[in-house]
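Worksheet: the structure to be examined is printed underneath.
Basis for what follows: all heavy atoms, side chains included, without hydrogens, waters or symmetry-related copies. One-based numbering, in listed order, for ligands and for the atoms of each.
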Amino acid sequence: MPQVLFAFDNVSFGYVPGQPVFNKLSFKIYSGETVALLGANGSGKSTLLKMMSGLIFPQQGIFKAYGQEINEQRMEDDAFSQKYHLKVGYIFQNSEVQLFTTRVWDEIAYGPLQMGFTTKVVKQRVEDVLEMLQLENLRDRSPHRLSGGEKKKVAIASVLVLNPEVLILDEPTSGLDPKTEKWLVELLLKLNLKGRTIIVSTHNLELAHVLTTRSLVLAESHELVCDGLTEEIVENHELLTAVNLIDEYSHIHGNIEHIHRYTHG
Ligand SMILES: Nc1ncnc2c1ncn2[C@@H]1O[C@H](COP(=O)(O)OP(=O)(O)OP(=O)(O)O)[C@@H](O)[C@H]1O
Ligand SMILES: [Mg+2]
């Protein structure tokens, strides 16, 4: 039986009093899974991923990771929070908020240095990740002056360098060209084969399909309306239309009616 990694038990959360984003949400994620969080803009994907990453906490109900309740008090303990962030890596939807140094090399080295690894180990890890992500030629550049896709790669590198057990990626392929997107999917699949749990949020059904086995679907009302196999969910046009993940319209050319389905990318 795989280990339960994250367990949400009747979790409620809202940023503004009286405007809940989630109301009594319950589900589990198991170690080693590949999971997509699907939903339209504003459905709550980033909010849910932030909770898994220990950045925000339930206002009601219980969120457990590795069998332990994760709440504000526990995360205020520096030793606990450091250990948690070492195991659970989070890549923000917006790379800008993740990058803060003046050099790509320093950006990637920051996490391992904070975690107290020796200089020698840090150097080795940074070099390995630069090579793995093909970022060697950007090592001395300022992260803020990179292109959007390059920034994303540096943000991913700064998390992968810690070799986390769980990778939480919020819209990982937004802003990536098709070749880089394919490369990232292959990298994530390889990491999954090595036992890493991969959780991504996306409204890109193609990405969900190639990368994940299971999908959780959030409606615009922020409710979890489906939890099932990705390969079945991407074929469920009724569900996907209802949650605004595909627009469906038809038009007529002569006597022939065509149904067009447009997938958000
Ligand atoms: N910091 C915040 N303060 C107040 N409301 C917020 C905040 N962040 C998000 N929200 C609201 O919470 C809801 C869920 O937002 P969230 O960012 O989780 O959605 P999302 O599914 O990630 O959307 P997107 O696809 O656009 O990234 C939205 O209604 C949003 O307006
Ligand atoms: Mg989001």
Side-chain angles (χ1 to χ4, degrees), residues 6 8 10-27 29 34-61 63 65 70-72 75 88-100 148-149 151-153 155-156 158-159 166-176 181 184-185 188 198-212 214-228 230 233-234 236 239-247 261-265:
F6 296 137
F8 286 76
N10 280 305
V11 168
S12 300
F13 177 85
Y15 293 99
V16 181
Q19 291 177 25
V21 176
F22 298 119
N23 196 15
K24 298 193 172 167
L25 205 61
S26 297
F27 65 91
I29 289 182
T34 45
V35 180
L37 198 52
L38 298 174
N41 292 137
S43 57
K45 303 181 297 296
S46 296
T47 305
L48 202 48
L49 294 186
K50 281 182 189 151
M51 199 171 281
M52 293 180 199
S53 310
L55 302 176
I56 57 174
F57 310 96
Q59 285 153 351
Q60 279 173 0
F63 165 59
I70 303 299
N71 53 31
E72 202 158 3
M75 274 295 171
V88 180
Y90 176 55
I91 292 149
F92 285 74
Q93 178 163 4
N94 175 3
S95 310
E96 295 285 346
V97 300
Q98 198 159 351
L99 306 172
F100 58 95
K151 279 182 188 156
K152 190 113 209 168
K153 278 180 112 176
I156 293 172
S158 69
V159 170
V166 185
L167 277 165
I168 297 179
L169 303 104
D170 198 350
E171 310 272 2
T173 56
S174 66
L176 296 184
E181 176 172 336
L184 179 64
V185 167
L188 293 174
I198 312 282
I199 304 166
V200 294
S201 85
T202 186
H203 29 90
N204 181 341
L205 299 172
E206 192 54 42
L207 171 72
H209 197 189
V210 292
L211 182 61
T212 68
R214 177 181 169 204
S215 287
L216 304 172
V217 184
L218 285 171
E220 286 171 296
S221 57
H222 317 299
E223 260 139 328
L224 190 58
V225 287
C226 187
D227 176 356
T230 303
I233 287 172
V234 296
N236 188 341
L239 168 74
L240 296 173
T241 307
V243 298
N244 206 13
L245 281 168
I246 46 176
D247 294 331
R261 291 200 172 88
Y262 175 71
T263 308
H264 295 279

### Summary
dist T34:OG1 -> L188:CG (nearest 0.5 Å) comes out at 10.0 Å
Show the atoms of ligand 1 that are less than 4.0 angstrom away from any heavy atom in [X].
{"X": "Q93", "value": "27 (O)"}
{"X": "S43", "value": "19 (O), 21 (O)"}
{"X": "A40", "value": "21 (O)"}
{"X": "E171", "value": "25 (O)"}

### Any protein heavy atom nearer than 4.0 Å to atom 30 (C) of ligand 1
no
### Under-4.0 Å heavy-atom contact between protein and atom 27 (O) of ligand 1
yes
### Task
Evaluate the ring planes of F13 and Y15, with Trp represented by its six-membered ring, and classify them as parallel (under 30°), tilted (30 to 60°) or perpendicular (over 60°).
perpendicular
### Task
Quick one: sort the F27 and F8 rings into parallel, tilted or perpendicular, breaks at 30° and 60°.
parallel
### Query
Would you say Q93 and L49 make side-chain contact, with heavy atoms under 4.5 Å?
no
### Task
Kindly indicate whether the side chain of V243, heavy atoms from C-beta on, has any atom under 4.5 Å from the side chain of S43.
no
Taking [atom] as the reference point, the nearest protein heavy atom with its distance:
{"atom": "atom 6 (C) of ligand 1", "answer": "Y15 CD1, 3.2 Å"}
{"atom": "atom 16 (P) of ligand 1", "answer": "T47 OG1, 3.6 Å"}
{"atom": "atom 25 (O) of ligand 1", "answer": "K45 NZ, 2.7 Å"}
{"atom": "atom 17 (O) of ligand 1", "answer": "S46 CB, 3.7 Å"}

### Task
Please name the pair of heavy atoms, one in T202 and one in E171, separated by the smallest distance, quoted to 0.1 Å.
CA-OE1, 3.8 Å
### Query
If you look at every heavy atom in A208 and T230, which pair is closest and at what distance?
O-CG2, 3.4 Å
### Query
Passes ring-ring contact (aromatic ring centres under 6.0 Å, His included), F63 versus F57? Steps please.
CA-CA 8 Å; F63 165 59; F57 310 96; 8.8 Å; no
### Message
For the CD atom on Q60, are there more than 12 heavy atoms of other groups (residues, nucleotides or ligands in this structure) within a distance under 6.0 Å?
### Response
no
Does [X], backbone or side chain, put an N or O under 3.5 Å from an N or O of ligand 1?
{"X": "G44", "answer": "yes"}
{"X": "G42", "answer": "yes"}
{"X": "H222", "answer": "no"}

### Task
Can you spot which of V200, L38, V35 makes a side-chain contact (heavy atoms from CB on, under 4.5 Å) with T212?
V200
### Summary
Heavy-atom proximity to atom 24 (P) of ligand 1, picking from L38, V21, N41, points to N41
Donor-acceptor pair, [X] side chain versus [Y] backbone, under 3.5 Å?
{"X": "H209", "Y": "N204", "result": "no"}
{"X": "S26", "Y": "N10", "result": "yes"}
{"X": "K45", "Y": "A40", "result": "yes"}

### Query
Tally of protein N/O/S atoms under 2.8 Å from the Mg ion (ligand 2)?
2
### Message
Under 4.0 Å, counting heavy atoms only: does Q19 come that close to any atom of ligand 1?
### Response
no
